[in-house]
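Single-structure report; data block below.
The figures here come from the full heavy-atom set of this structure, side chains too, leaving out hydrogens, waters and symmetry mates.
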Amino acid sequence: KNEVEQSPQNLTAQEGEFITINCSYSVGISALHWLQQHPGGGIVSLFMLSSGKKKHGRLIATINIQEKHSSLHITASHPRDSAVYICAVRHYGGATNKLIFGTGTLLAVQP
Amino acid sequence: NAGVMQNPRHLVRRRGQEARLRCSPMKGHSHVYWYRQLPEEGLKFMVYLQKENIIDESGMPKERFSAEFPKEGPSILRIQQVVRGDSAAYFCASSPRDGGFIIQYFGAGTRLSVL
């Protein structure tokens, strides 16, 4: 079993829909990251959080440390949001800042 | 994120050749991480380096792979005698320091294809 699990693996939405991507992890963490990767493209860091909730534009990330769960929400989705969204965690007390990644959620937003 | 520069963006090698992947971290960053993304798989940590030191290479294959981050110049990930299974996207990330709540900035990646 992977230490970081994401769901769903694939998601298709209509433009304007509210989208939720989930991430569960099985290890103690010091930080959780949400990343975005466009097909054939680089990786962009969207959020880094260790508690509570963060908002940036139409994106919202939440984390529940007790339940070891995080969600990424996209409000008023747009075709340009189509990408792979990746959850990554850093082990609490880990010797280094290396990240452990989920397998990603492929989001397609149709016009 | 454009600050982390990786080159080449695409690299084609025949089996048995050597591949050299370069990563220039963001200005002021002295910590570099290499990750590999195999087809249809998630990203996996390979190695973490600071200037002139390998700090954590627990994700590096035991043979054919090496990494360095010299005092001057970019970090280099070197793959000797490449095989088809080395075909993947290799991403470099950098940060100004290590720590639990430090953002890593990623490069655009190098896509290696082994024929």
Check: Has A/Gln14 got more than 12 heavy atoms of other residues, nucleotides or ligands less than 6.0 Å from its CD?
Finding: yes

Next item on the list: State, to 0.1 Å, how close B/Phe45 and A/Leu99 come at their nearest heavy-atom pair, and which atoms those are.
Entry: CB-O, 4.1 Å

Margin query: Is there a path of hydrophobic side-chain contacts, each under 4.5 Å between heavy atoms, that joins A/Phe47 and A/Ile65?
Written below: yes

Margin query: Using 0.5 Å steps for rounding, measure from the CD1 atom of A/Ile43 to the CG atom of B/Leu43.
Written below: 4.5 Å

Note to self: Count I, L, V, M, F, W, Y as connected when their side-chain heavy atoms are under 4.5 Å apart, and connections chain through other members. Are B/Leu77 and B/Val83 then in the same cluster?
What the structure shows: no

Margin query: Is the shortest side-chain heavy-atom distance between A/Gln37 and B/Gln37 below 4.5 Å?
Written below: yes

Check: Mind checking whether B/Phe69 and B/Met60 sit in one hydrophobic cluster, side chains of I, L, V, M, F, W, Y counted as touching below 4.5 Å?
Finding: yes

Note to self: Show the nearest heavy-atom pair for residues A/His33 and B/Ile103, with the distance to one decimal.
What the structure shows: CE1-CA, 4.4 Å

Checklist line | Option in A/Val4, A/Ile29, A/Thr103, A/Leu49 with maximal non-hydrogen atom pairs under 4.5 Å from chain B | finding: A/Leu49

Notebook entry, point to check: Are B/Leu112 and B/Val12 connected in the hydrophobic side-chain network, where two residues link if heavy atoms are under 4.5 Å apart?
Noted result: no

Check: Non-hydrogen atoms of chain B under 4.5 Å away: do they reach the side chain of A/Leu35, the backbone, both or neither?
Finding: side chain

Notebook entry, point to check: Measuring heavy-atom distances to chain B, does A/Ile86 have an atom under 4.5 Å in its side chain, in its backbone, in both, or in neither?
Noted result: side chain

Check: Do the side chains of B/Val32 and B/Ile79 join up, straight or via other hydrophobic residues, at under 4.5 Å, putting them in one cluster?
Finding: yes

